[in-house]
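To keep things clear, I will list the structure first and then write my remarks on it.
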2 protein chains.
Amino acid sequence: MPKRVDHEARRRQIASAVWRLASTRGLDGVGLRDVAAEAGISLGQLQHYFSSKNELFTFALKHMEQLATNRITERVQALSATPSPRLVLRECLAEMLALDDNSRTGVLAQIAYFVRAIHDEQLRGYAQQGTPELRRFFAGLLREGVARGEVPADRDPDSEAMLLIGLIDGLNSYLLLGVHTAEQALRLVDYHLANLFSRAPRPRPAEEPAG
Amino acid sequence: MPKRVDHEARRRQIASAVWRLASTRGLDGVGLRDVAAEAGISLGQLQHYFSSKNELFTFALKHMEQLATNRITERVQALSATPSPRLVLRECLAEMLALDDNSRTGVLAQIAYFVRAIHDEQLRGYAQQGTPELRRFFAGLLREGVARGEVPADRDPDSEAMLLIGLIDGLNSYLLLGVHTAEQALRLVDYHLANLFSRAPRPRPAEEPAG
DNA sequence: ATCTTTCTAAGTCAGCTGTATTGGATCGCC
DNA sequence: GGCGATCCAATACAGCTGACTTAGAAAGAT
């Protein structure tokens, strides 16, 4: 049984072509012929790997999500052995922000997915189950901040976690619209973190990258 | 020259049909034939009032924006003669949130517009000029809060205003996805406002609606 | 060498899209 | 009455879409 090409690798390559297109025209403006051209293959070849547009988009979605979580976990694990909760939080938030061209494409893809999820029950369920995970992760970091005495005790970690998640999405929106720049968005995040960790000493320069 | 029908009223009526459809399928899923059917008119009639799809959508956008600002200003002016900045802020934020079916449609329309603006230079310019206005308005309220001694002096009104705007958009996203309910979203807003106005006494029950 | 499976290309099809065109109502006014 | 503007309906059209079909190329297995 000849298996000359790596099926999954091809599928990922095609999926990335989807996002390259979707990040410039929006998901709804992407046709199968466009994807084939962008990926440098024929329409027939594309249909050999994905039997329907829906299957292609679903795969592309999961692929994108995988890449995003990989970027975040890599970034967090690249920190010192015992990073402060504040720093971990900052790195996560910074990575989720559409600061450079790379993450910008990721966020655009995420928005295209979000818009579709609003009107698609299946995708909506997918999002509903993903967000609480992130929220719990953030809340845990904040709880640790409270335990360390860096975050005022009257702050509710769970609420603050949700506020942070919402904040990122909102900032991304206005980032993409060009209402503010990457530096301004990052400054706002740092400003908000400084308010949250108001009991903490200013972070060491070695830990806190230049904002 | 006979002018039997109110041209502008018809156009507004058609525009509202656009948003009714867009709020359930997304803007890209709305065709001219759908709009005509939803508005209860023929395609030919629609084309009589809007010479192109672009003109229709542009008009619909401005119409929607008008309705939203009307809702907000009405709500603010319905307050007592000298409302506290905190209360004005809360009413604005509450009105911007997709809490009931009415505002939900508005927010869905707003998102459809946002997605289009990301990839459309003209619309993007429109958004870029609108946001700072709102930001200045919020910042002014916060500045007044600082002057009254209700908001800690180390809070930066301008940054906090932008954070509030971003927060609303983020909360709306997760509201639409069903990640949290209207009550939870409103509670988060009140929680955040309580943090902002930490130097203020608890608002009088007459001023602060039950949350 | 030939068979079998995987892979690729090209063409076709029905359906939908926005727009243009055409024809005919309906009304105020000279 | 009929003239002219406004309003409306129906149809036609070219373009694109996703899906399907057909046919052929490539390569390991026998």
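In the text below, chain A, chain B and the rest are named by the order of the sequence lines, each starting its count at 1.
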_CG/B:N54: more than 12 non-hydrogen atoms of other groups inside 6.0 Å_ = no

*Rounded interatomic separation in angstrom, taking CZ from B:F57 and C1' from C:dT17*: 12 Å

*Do B:E160 and A:N195 get their side chains close enough for a donor-acceptor pair, meaning under 3.5 Å?*
yes

_Pairing of A:R116 and A:D28 as salt bridge, 4.0 angstrom limit_ = yes

*Spacing of A:R33 atom CZ relative to C:dT12 atom P, expressed in whole Å*: 13 Å

*asked:* Just the rounded figure in Å: distance from P of D:dA27 to CG of A:D6.
replied: 17 Å

*How is A:V30 classified with respect to the nucleic acid when contacts are heavy atoms under 4.0 Å: base, sugar-phosphate, or nothing?*
sugar-phosphate

*asked:* I'd like to check the side-chain hydrogen bond (donor to acceptor under 3.5 Å, both in side chains) partners of A:S159; sequence neighbours left out, ordered by chain and number.
replied: A:D156

*By salt bridge (charged side-chain N to carboxylate O under 4.0 Å, His left out), which residues pair with A:R143, not counting sequence neighbours?*
none

*asked:* Run the salt bridge (charged side-chain N to carboxylate O under 4.0 Å, His left out) test against A:E55 and tell me which residues pass, sequence neighbours left out.
replied: A:R11

*Measure the distance from CG on B:D28 to P on C:dT17 and round it to the nearest whole Å.*
12 Å

*What parts of residues 14-26 of chain A reach DNA chain C, counting only heavy atoms under 4.0 Å away?*
none

*Please state whether the phosphate of D:dT6, meaning OP1 or OP2, lies under 4.0 angstrom from any side-chain nitrogen or oxygen of B:H7.*
no

*Could you give the CG-to-C1' distance, from B:L56 to C:dT17, as a whole number of Å?*
14 Å

*Should we count CG of B:D101 as having more than 12 external heavy atoms under 6.0 Å?*
no

*Could you check which residues of residues 39-54 of chain B get a heavy atom under 4.0 Å from DNA chain C? Sort them by number, please.*
B:L43, B:Q47, B:S52, B:K53

*Just by distance, with hydrogens left out, do B:E65 and B:Y126 show a side-chain donor and acceptor under 3.5 Å apart?*
yes

Side-chain donor-acceptor pairs of residues 33-41 of chain B under 3.5 Å, sequence neighbours excluded:
{"unit_1": "B:D34", "atom_1": "OD2", "unit_2": "B:R25", "atom_2": "NH1", "d": "3.3"}
{"unit_1": "B:D34", "atom_1": "OD2", "unit_2": "B:G31", "atom_2": "N", "d": "2.9"}
{"unit_1": "B:E38", "atom_1": "OE2", "unit_2": "B:R20", "atom_2": "NH1", "d": "2.6"}

*Separation of B:L27 atom CG from C:dT17 atom C1', in whole Å?*
15 Å

